[in-house]
Colleague: 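One structure, as structure tokens, below. Some questions next.
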Amino acid sequence: MSLRKRQRVGSSGHLSSLDGALAEERSSPSPFRCPAFDPGGFNDPSFSDVLLHLQFDPDLDPHPDAYLTCLDLHVQSAALRRSDYFAALLSDRWQRPSASSGDAIPLRVTLKIPRDDDRHRQGPFDAHVAVIRLLHTLDFSGAVASVTDALEMMPVALEFLFEDCVRACVRFLEAMPWTEEEEERVLTLIPFLGEEESRELVARVSPMVAASGDWKSMSEEMLHGLIDVAIRRHPNVATVKAFVAKILKDFPYRESVQRVLDQAFLLSLETVKDYLGKYASPDVRVAEDSDEREAIQRLNLHAVMSNLKHLHWLVERIIEVRVADTAVREWSEQEALAADLMKTFRDDTWKNIAPGLPLLVTRCSYRLADAVASGATLAPRQVRMKIVRNWLPVLNVLRDTFSPLPSGYRTLYPDLEETFLKIISTLPLSDAQELLQQCLSFSTRNLDDCPHLTSAFKTWFRRANRPPHDYRTN
């Protein structure tokens, strides 16, 4: 139907006026079964003073027999006048002709309907019949019994300017859940509703525009909340984390996911730094009461472990959605954090309190360094250099701590070694020279088990022994 917002002018070339629609108009037999009548009311010929003829509009229907698709209804003008459209159509200037006997001849009104208006119902005129019946019964609660009912009646009610029916459909839609297809149909109807009556529907399907004008901020707030619940507050952590991970992966706006994950990563990183700094601080370590010192150390290190688990989960999500630029840059800048970790690992106290600490640290370093080495994140030279310079010493301390390597570390450490060597190969010779000298501990397993280190030194010497050449000239 052709609808216009707020004014809702029903006659838009689809619904006829009375011109040429009186009783003398040629009548076509209706091929459709007439709806059941209500005694004394809708479709009861004994009480009817209007014959309503429904047919598809031949001007809008390319089928040559479109005019044969029709239906006659016996209706009462008093009921029709509850619609502003029919009230105008049946105004006093239209006088019904009378038969010679003095009996009034029912007024004939033709409504021409676009075929696609009723495509969602089994019968071609069901929505119109339902609304016209409501003009007589006003039984909105009985007639609007499903979302489909409301969605099919509302366009007709809007065209008829039947405000009570429109309000009943809107109230029903406000209270009911929708399928995705139903939501799309609601969105097509909202523009034809007034601002006040559509307020609840709009609030449900569209976010409020923030003061900054960024309409995506509500989605980002939701993502922030989901991450916070998943990593900090939900008891069934594993399942919830998996569900939130899927939401982040499938979210269509990558820049929003990046902003949310960056903020969560920075918050967790700062929390880890804060607690580890407290654990490694001289004030705690020189406490006179050894029991008090141990209790403080235990609390701080447990907090470090908890937040490192959060951080590692965030790193995995950042890598998965390929938005690791900020995380890689921030991790490369953590000289103080690396120093506190090395200080912590040189003291055996952590082994009884947080034995999984080295594994979490190494996993974070490996995932972020691997993003750089694999090209998933194109990091600038300074970032590439710093991520090796600051985190290679931590790896070396851990290698010295564990001999032999526990089973959980036997593949992770060599993988991180090889990743660091790949990054070193991307640096200028002078930077690579400095960092390669710190990699000699990679050879302590045995000479036959470090081909990655051998290859790295061969590459460096090959480049260093190449005669200088001005590559800007032929």
Colleague: Taking CZ in Arg204 as the centre, count heavy atoms belonging to other residues, nucleotides or ligands within less than 6.0 Å. Is the count above 12?
Modeller: yes
Colleague: Could you tell me the separation between the CG atom of Asn300 and the CE atom of Met305, rounded to the nearest 0.5 Å?
Modeller: 14.0 Å
Colleague: Kindly say whether Val383 contributes a backbone atom to a donor-acceptor pair with the side chain of Arg329 at under 3.5 angstrom?
Modeller: no
Colleague: State, to 0.1 Å, how close Asp149 and Ala145 come at their nearest heavy-atom pair, and which atoms those are.
Modeller: OD2-N, 3.1 Å
Colleague: Are the charged groups of Glu434 and Arg389 less than 4.0 angstrom apart, N to O?
Modeller: yes
Colleague: Using every non-hydrogen atom in the two residues, find where Val244 and Ala230 come nearest and quote the distance to one decimal.
Modeller: CG2-CB, 3.8 Å
Colleague: Run the side-chain contact (heavy atoms from CB on, under 4.5 Å) check on Ile319 and Thr377 step by step: do they pass?
Modeller: CA-CA 9 Å; Ile319 299 298; Thr377 298; 5.8 Å; no
Colleague: Distance from Met153 atom CE to Arg133 atom CZ, nearest 0.5 Å?
Modeller: 10.0 Å
Colleague: List for me each residue that meets side chain to side chain donor-acceptor pair (under 3.5 Å) alongside Arg167, sequence neighbours excluded, and say none if there are none.
Modeller: Asp164
Colleague: Determine the minimum heavy-atom distance between Arg232 and Ser268, stating which atoms define it.
Modeller: NH2-OG, 3.3 Å
Colleague: Counting only heavy atoms from other residues, nucleotides and ligands, does the tally under 6.0 Å from CE of Met176 exceed 12?
Modeller: yes
Colleague: Would you call Asp431 and Arg384 a salt bridge, taking side-chain N to carboxylate O under 4.0 Å as the test?
Modeller: no
Colleague: Decide yes or no for Trp350 and Leu341: does some side-chain heavy atom of the first lie under 4.5 Å from some side-chain heavy atom of the second?
Modeller: no
Colleague: Kindly indicate whether the side chain of Glu182, heavy atoms from C-beta on, has any atom under 4.5 Å from the side chain of Thr148.
Modeller: yes
Colleague: Could you give the distance from CZ (Phe172) to CE (Met154), rounded to the nearest 0.5 Å?
Modeller: 11.0 Å
Colleague: Enumerate the residue pairs fulfilling ring pair (Phe, Tyr, Trp, His ring centres under 6.0 Å) with a member in residues 309-342, sequence neighbours excluded, ordered by first and then second residue.
Modeller: Trp331-Trp391
Colleague: Mind listing the closest non-hydrogen atom pair of Leu134 and Asp139 along with its distance?
Modeller: CD2-O, 3.4 Å
Colleague: Using a 3.5 Å cut-off and no angle test, enumerate the donor-acceptor pairs between side-chain atoms of residues 455-464 and protein atoms at least two apart in sequence or in another chain.
Modeller:
residue, atom, partner, partner atom, Å
Thr459, OG1, Ser455, O, 3.0
Trp460, NE1, Leu429, O, 3.1
Arg463, NH1, Ser425, O, 2.8

Colleague: Can you tell if the side chain of Val156 reaches within under 4.5 Å of the side chain of Phe162, non-hydrogen atoms only?
Modeller: no
Colleague: Just so I know, are the side chains of Cys439 and Glu417 near enough to count as touching, which here means a heavy-atom distance under 4.5 Å?
Modeller: no
Colleague: Could you check Val394 against Ser365 for side-chain contact (heavy atoms from CB on, under 4.5 Å), going step by step and ending with a plain yes or no?
Modeller: CA-CA 10 Å; Val394 179; Ser365 291; over 6 Å; no
Colleague: To the nearest 0.5 Å, how far apart are CZ in Phe160 and CZ in Phe86?
Modeller: 4.0 Å
Colleague: If you look at every heavy atom in Asp262 and Val323, which pair is closest and at what distance?
Modeller: OD1-O, 4.1 Å
Colleague: Check the side chains of Asp274 and Thr271 for a donor-acceptor pair under 3.5 angstrom, ignoring hydrogens and angles.
Modeller: no
Colleague: Is Ser198 reaching over with its side chain to a backbone N or O of Leu201, donor-acceptor style, under 3.5 angstrom?
Modeller: no
Colleague: State whether the number of non-hydrogen atoms from other residues, nucleotides or ligands found under 6.0 Å of Lys249 atom NZ is greater than 12.
Modeller: no
Colleague: Please confirm whether the backbone N or O of Thr419 pairs with a side-chain atom of Asp370, one donor and one acceptor, at under 3.5 Å?
Modeller: no
Colleague: Indicate yes or no: at least one non-hydrogen side-chain atom of Leu435 is less than 4.5 angstrom from one of Ile423.
Modeller: no
Colleague: Please confirm whether the backbone N or O of Tyr85 pairs with a side-chain atom of Ser83, one donor and one acceptor, at under 3.5 Å?
Modeller: yes
Colleague: Any ion pair linking Glu196 and Arg199 (charged N to carboxylate O, less than 4.0 Å)?
Modeller: yes
Colleague: Is a side-chain N or O of Arg82 found less than 3.5 angstrom from the main chain of His136, in a donor-acceptor match?
Modeller: yes
Colleague: If we only count heavy atoms from C-beta on, is the Arg381 to Pro428 side-chain gap below 4.5 Å?
Modeller: yes
Colleague: With ring centroids as reference points, do Phe125 and Phe56 lie under 6.0 angstrom apart?
Modeller: yes
Colleague: May I ask you to test the Glu255-Glu220 pair for a side-chain heavy-atom distance under 4.5 Å?
Modeller: no
Colleague: I'd like to check the side chain to side chain donor-acceptor pair (under 3.5 Å) partners of Asp250; sequence neighbours left out, ordered by chain and number.
Modeller: Lys246
Colleague: Which salt bridge (charged side-chain N to carboxylate O under 4.0 Å, His left out) pairs, counting each pair once, include a residue from residues 295-306, with sequence neighbours left out?
Modeller: Glu294-Arg298
Colleague: As an exercise, state the distance from CG of Leu266 to OG1 of Thr326, rounded to the nearest 0.5 Å.
Modeller: 7.0 Å
Colleague: Write down the atom of Ile387, the atom of Phe420, and the distance for their closest heavy-atom approach.
Modeller: O-CE2, 3.9 Å
Colleague: Could Glu320 and Arg317 be called an ion pair, given the rule that one side-chain N must be under 4.0 Å from one carboxylate O?
Modeller: yes
Colleague: What pairs with Gln334 under side chain to side chain donor-acceptor pair (under 3.5 Å), at least two apart in sequence or on another chain?
Modeller: Lys273
Colleague: List the steps and the verdict of side-chain contact (heavy atoms from CB on, under 4.5 Å) for Leu189 and Cys169.
Modeller: CA-CA 11 Å; Leu189 292 172; Cys169 292; over 6 Å; no
Colleague: Could you walk me through whether Leu360 and Lys309 satisfy the side-chain contact (heavy atoms from CB on, under 4.5 Å) test, starting with their C-alpha distance in whole Å, then the side-chain angles of each, then the deciding distance to 0.1 Å, before giving a yes or no?
Modeller: CA-CA 7 Å; Leu360 284 173; Lys309 290 177 181 177; 3.7 Å; yes
Colleague: At what distance, to the nearest 0.5 angstrom, does CD of Glu333 lie from CG of Asn390?
Modeller: 7.5 Å
Colleague: When you compare the side chain of Phe442 with that of Leu395, does any pair of heavy atoms fall below 4.5 Å?
Modeller: yes
Colleague: Is it true that a side-chain atom of Asp400 and a backbone atom of Val397 form a donor plus acceptor pair closer than 3.5 Å?
Modeller: no
